[in-house]
Amino acid sequence: QNNYKVTVCGAAGGIGQPLSLLLKLNPLVTELNCYDIAPFTPGVACDLSHIETASKVKGYFFDRFAGQESLKDALNSADVVVIPAGVPRKPGMTRDDLFGSNASVVKTIFECASVACPDAIFCIITNPVNSCVPIACEVLKKANKLNPRRVFGVSTLDIVRANTFVGEMCGVNPKEVNVPVIGGHSGITIVPLFSRATPKVTIPADKLDALTKRVQEAGTEVVKAKAGHGSATLSMAYSGARFANNVMRALMGEPDVIECAYVMADVTDVDYFASPVKLGKCGIEQNCGVGDINEYETKLLCDALEQLKRDIQKGVDFANQD
Ligand code: APR
């Protein structure tokens, strides 16, 4: 199969619109459903539908008289669901500060997805990703529909940023650099593994701390630069589209598609963790785990796990509170 039905939840937003555009340009996507609570979402879909690629685009928005019916229609039998729905950060906020608004958004989407497209591959962009992925899995588990091989937190932007910054520092094309990034997707939980970059790069010892910090705080760099107008949208849309494309290539049977993603896993003593995963026809084919890391990275990982545990528990507790 090389034709996929993809639904974007949050399609009218700062990430959702460019993400939907990139998916409209992807020849593997034959049906693109754009859902958002914003009433102008059918307009976004109409706009996209005029682009001369073969895929069909449909727009859906939340109609309070119909409950979640339009969300279910948008999700119905989707192969891949990409979720950037929710509120973005303002200056001074951490990703965790979004929990209060976004946890219930994710819960509702997954309650509907467990009915409308339980076998889809889910790619969660909504922050805090560290907690939203556990919420999604708990909701699916309650509905008896959890397949942990198919639920992903998209941490691709951390890799994209690490590749870019290393490329700049070492004078190589960032497209040819691949830095695995493990842990979570927020602040100190983001653990870039420069020692495992391909091709091999040498980061001067006196620059390692600053480079690590820059990757960990790159989202905040954007939030500050946007001065109250949200967080990363274009680079996140690129990263979401890149991840969805890799998922579809793997679904198609392409071998050796390996990408770091934040998933349910038992590779460390936390239940959710980002590490390189081999993608296949059923989602995760194999979790490649942490692999060899140096002393510096081991220390970063230790610091990350404490925070990650708290973030995960918060998501699990929220999903099970009633
Ligand atoms: N269902 C569907 N869409 C929703 C819902 C919901 N329950 N709640 C909000 N939305 C939509 C909004 O209407 C808006 O169009 O999600 C979109 C979010 O867009 P922006 O406000 O522009 O935010 P964006 O920058 O795209 O970030 C969205 O992704 O990376 C994360 O931290 C970021 O959590 C944030 C999310």
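Both ligands and their constituent atoms are indexed starting at 1 by order of listing.
- Judged by distance alone, the side chains of D311 and Q307 do bring a donor and an acceptor atom under 3.5 Å apart.
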Check against side-chain contact (heavy atoms from CB on, under 4.5 Å), L301 and E297: CA-CA 6 Å; L301 182 56; E297 293 157 350; over 6 Å; no
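- Between E285 and K278, at least one side-chain N (NZ, or NE/NH1/NH2) sits under 4.0 Å from a carboxylate O, which counts as a salt bridge.
- Close approach to I125 involves these atoms of ligand 1, each under 4.0 Å from a residue heavy atom: 29 (O), 30 (O), 31 (C).
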Worked check of salt bridge (Lys or Arg N to Asp or Glu O under 4.0 Å) between K213 and D209: CA-CA 6 Å; K213 234 258 91 50; D209 269 335; over 6 Å; no
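- Given atom 8 (N) of ligand 1, the protein heavy atom at minimum distance is I37 CD1, 3.5 Å.
- With ring centers used as reference points, F40 lies 6.0 Å or more from F61.
- Residues K314 and S131 bring no donor and acceptor atom of their side chains to less than 3.5 Å of each other.
- Between G13 and ligand 1, an N or O atom pair is found at a separation short of 3.5 Å.
- In the hydrophobic cluster analysis, where Ile, Leu, Val, Met, Phe, Trp and Tyr join through side-chain heavy atoms closer than 4.5 angstrom, I159 is grouped apart from F243.
- Remark: ligand 1 and N102 share an N or O pair separated by less than 3.5 Å (distance only, no angle test).
- Nearest to atom 35 (C) of ligand 1 among the protein's heavy atoms is V87 O, 3.2 Å.
- Between the side chains of T220 and R89, at least one donor N or O lies within less than 3.5 Å of an accepting N or O.
- Taking the centre of each ring, F110 and F122 come in below the 6.0 Å mark.
- Of the polar atoms of I15, at least one N or O is found under 3.5 Å from an N or O of ligand 1, judged by distance alone.
- Considering backbone and side-chain N/O of V105, none are found under 3.5 Å from N/O of ligand 1.
- Listed by atom number, the atoms of ligand 1 under 4.0 Å from T233 heavy atoms are 25 (O).
- For atom 20 (P) of ligand 1, the closest non-hydrogen atom of the protein is G14 N, 3.7 Å.
- By the 4.5 Å heavy-atom criterion applied to side chains, P91 and K224 are not counted as neighbours.
- Among protein heavy atoms, atom 33 (C) of ligand 1 sits closest to N127 ND2, 3.9 Å.
- Closest to atom 36 (C) of ligand 1 by heavy atom, among P84, A232, P39, is P84.
- For atom 18 (C) of ligand 1, the closest heavy atom belonging to the protein is G86 O, 3.0 Å.
- Considering only non-hydrogen protein atoms, atom 15 (O) of ligand 1 sits nearest to D36 OD2, 2.8 Å.
- Counting only heavy atoms of the protein, atom 21 (O) of ligand 1 lies nearest to P88 CD, 3.4 Å.
- Ranking protein heavy atoms by distance to atom 3 (N) of ligand 1, first place goes to A85 CB, 3.4 Å.
- Remark: ligand 1 atoms within the under-4.0 Å shell around heavy atoms of L98 are 32 (O).
- Every atom of ligand 1 with a heavy atom of Y35 under 4.0 Å away is listed here by number and element: 1 (N), 2 (C).
- Using a 4.5 Å heavy-atom cutoff, the side chains of T94 and D97 are in contact.
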